[in-house]
Amino acid sequence: MFLSVFDLFKIGIGPSSSHTMGPMTAARRFLDEVAGNDWPRPAGAVVDRLGASLHGSLAYTGIGHGSDRAVVLGLAGETPQTVDPDRTEAIVARITAEKRISPPGHPSYRFDPRTDLVLDKKTPLTGHANGMTFYAYDAGGRLLLKRIYYSIGGGFVVSEEELQRMKARGSVTTEGKKVPYPFRTAADMLAMAAKSGLSIADMKRVNEETQQTREELDAGLDAIWTAMTGCIDRGLSQEGIMPGGLKVRRRARQLHDRLQEQWQQNRPNPLLANDWLSIYAMAVNEENAAGGRVVTAPTNGAAGVVPAVLRYWLHFHPEADQASIRDFLLTAAAIGGIIKTNASISGAEVGCQGEVGSASAMAAAGLCAVMGGMPEQVENAAEIALEHHLGMTCDPVGGLVQVPCIERNALGAVKAVTAASLAIKGDGKHFVPLDAAVETMRQTGMDMSEKYKETSLGGLAVNVVEC
């Protein structure tokens, strides 16, 4: 089973990979189907109007996560990778005013977001908590084409048919490609590392290079880090109130300025590393909450953990270099692929243990690897980080990726560094294997009440009084 590093780390916009990037991708995919010839179009039929409905978690928290806006942007022909975050509001406002949508390469379609886009909380789709239905009608209102898609986490979108094939294979993940080291589990990964004598990053690199050249892979990894560190820098430069109505103020810049003062004055601060980690993570997730450009790592809701730990590595470890950044990302992707293949990275499916928990495990593994950890220690680091996120709910206040999400990323980064430090000081032998923690996360997510899985129907989402 092969998930590319670029499957786990996707450049897109906030605030949510499942609720923003996924719906935008699905809408764009529906456009392609409308224009194609792979459906039984009645003779002479012409598509005149488009429609869409969001279900499950997408319906409950769609407004707060910008899912409605994402669908409009996708139907307008935009993609998460290329859309200009500064233009999104103007695009949606124009379409709402004109009640028409004109994607490139298509005729103009009637589409009024106020009536043709429905957040349906009463009709869940059975395949996944993040379900969407798209419709195409002729001028007389006759339904010509209907398609169901699911946003399964990390920006991944599958059709109803693709989801059924995935479930038949026993895992909800993308199609596998033949690679030299096809590890599906952590146990497989360790066995292959022992037999080959390669590190986890080296095995992942060999797998990736069956799909692209080394130069292409390195350029792609460098682009991921450039986007990540750019997001940190943007987040550290911004101030003000984040959108959405909760009136949550950005804090990363103010905290960063204070730390800079302490750094310059050489004041003793035993928590200095933790402070920098927290600020880096918060900067990313404040940008995400504002709809800025981020990298899924493995999701938008958890996008701050991996960049924060990587920036910490560069900040506090003089041996850090570009090659180690690539090894970090490759190792992190290997762990993320195992988690996604055997459990989930979707908060709507398993709670925030699948988002921040997975991100923390990925970051812990990456850091342990670049600090010189052997494969067994890397696997141990990932297990420690994931184990201590088990049971974490996803209960965003107001359906926004702000509270508790922003601070939760900060603590996920701190846990990742702690886990890597503990693992690197051991010999790789430990009581709980990573595979057991992943399976426990899957089972816990299946048992978790829907109230705590990105629906904003329980937890902090209902117990925090808005002032």
Side-chain angles (χ1 to χ4, degrees), residues 18-63 65-80 92 95-96 99-153 155-168 172 174-175 346 348-349:
S18 292
H19 290 64
T20 308
M21 290 174 60
M24 194 185 306
T25 300
R28 178 62 186 268
R29 181 170 171 180
F30 181 68
L31 271 184
D32 293 339
E33 294 211 44
V34 168
N37 298 312
D38 295 333
W39 57 282
R41 187 190 302 262
V46 176
V47 175
D48 175 73
R49 180 169 67 91
L50 302 179
S53 58
L54 304 180
H55 304 262
S57 175
L58 293 177
Y60 281 108
T61 62
I63 299 298
H65 284 87
S67 304
D68 52 342
R69 179 184 62 180
V71 168
V72 176
L73 292 169
L75 291 177
E78 301 287 353
T79 68
V92 174
I95 292 169
T96 302
K99 301 180 183 179
R100 299 197 71 86
I101 201 158
S102 304
H106 288 253
S108 176
Y109 302 117
R110 287 191 295 131
F111 179 77
D112 185 349
R114 291 167 292 195
T115 56
D116 293 321
L117 176 56
V118 178
L119 274 66
D120 186 350
K121 298 178 182 178
K122 297 181 179 179
T123 313
L125 300 180
T126 58
H128 189 278
N130 291 331
M132 297 160 277
T133 309
F134 290 86
Y135 311 89
Y137 305 91
D138 66 11
R142 177 176 51 158
L143 179 63
L144 300 178
L145 179 64
K146 173 184 175 181
R147 288 288 185 266
I148 294 175
Y149 303 100
Y150 295 100
S151 180
I152 61 174
F156 286 91
V157 170
V158 295
S159 68
E160 194 169 31
E161 297 75 19
E162 289 166 344
L163 185 67
Q164 293 306 315
R165 290 198 296 270
M166 291 175 185
K167 288 186 174 181
V172 181
T174 53
E175 285 285 346
S346 168
E349 196 169 26

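Sequential numbering from 1 along the given sequence is applied to the chain's residues.
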Treating [X] as the side-chain partner and [Y] as the backbone partner, does any N or O pair qualify as donor plus acceptor under 3.5 Å?
X: Arg110; Y: Arg100; answer: no
X: Ser346; Y: Gly153; answer: no
X: Arg49; Y: Gly141; answer: no
X: Thr20; Y: His65; answer: yes
X: Tyr150; Y: Leu163; answer: no

Between [Y] and [X], is there a side-chain heavy-atom distance shorter than 4.5 Å?
X: Val47; Y: Leu145; answer: no
X: Thr133; Y: His55; answer: yes
X: Leu58; Y: Pro23; answer: yes
X: Pro103; Y: Tyr109; answer: yes
X: His106; Y: Ile101; answer: no
X: Ser159; Y: Arg147; answer: no
X: Ser18; Y: Glu349; answer: no

**OP:** Name all residues meeting the salt bridge (Lys or Arg N to Asp or Glu O under 4.0 Å) criterion together with Glu160; count only those two or more places apart in sequence or in a different chain, and write none if there are none.
**Re:** none

Original post:
What residues, two or more places apart in sequence or in another chain, satisfy ring-ring contact (aromatic ring centres under 6.0 Å, His included) together with Phe134?
Top reply: Phe30, Tyr149

So which heavy atom on [X] is nearest to which on [Y], and how close?
X: Ala139; Y: Asp48; answer: N-CB, 3.5 Å
X: Gly22; Y: Val157; answer: O-CG2, 3.2 Å
X: Ala59; Y: Lys121; answer: O-CE, 3.6 Å
X: Arg41; Y: Gly36; answer: NH2-O, 3.5 Å
X: Arg29; Y: Glu162; answer: NH2-OE2, 2.8 Å

Original post:
When rounded to the nearest 0.5 angstrom, what distance separates OG in Ser151 from CE in Met21?
Top reply: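 If we round to the nearest 0.5 Å, Ser151:OG and Met21:CE are 9.0 Å apart.
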
**OP:** Give, for atom CG of Asn130 and atom OG1 of Thr61, the distance between the pair rounded to the nearest 0.5 Å.
**Re:**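 Rounded to the nearest 0.5 Å, the CG-OG1 separation comes out at 7.5 Å.
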
Original post:
Would Arg114 and Thr96 count as a side-chain contact (heavy atoms from CB on, under 4.5 Å) if you check the C-alpha gap in whole Å, the side-chain angles of each, and the deciding distance to 0.1 Å?
Top reply: CA-CA 7 Å; Arg114 291 167 292 195; Thr96 302; 3.8 Å; yes

With a cut-off of 3.5 Å and sequence neighbours excluded, list every side-chain donor-acceptor pair involving residues 67-75.
unit_1: Ser67; atom_1: OG; unit_2: His19; atom_2: O; d: 2.6
unit_1: Arg69; atom_1: NH1; unit_2: Glu89; atom_2: OE2; d: 2.7

**OP:** Would you please classify the geometry between the Tyr135 ring and the Tyr137 ring as parallel, tilted or perpendicular, with 30° and 60° separating the classes?
**Re:** parallel

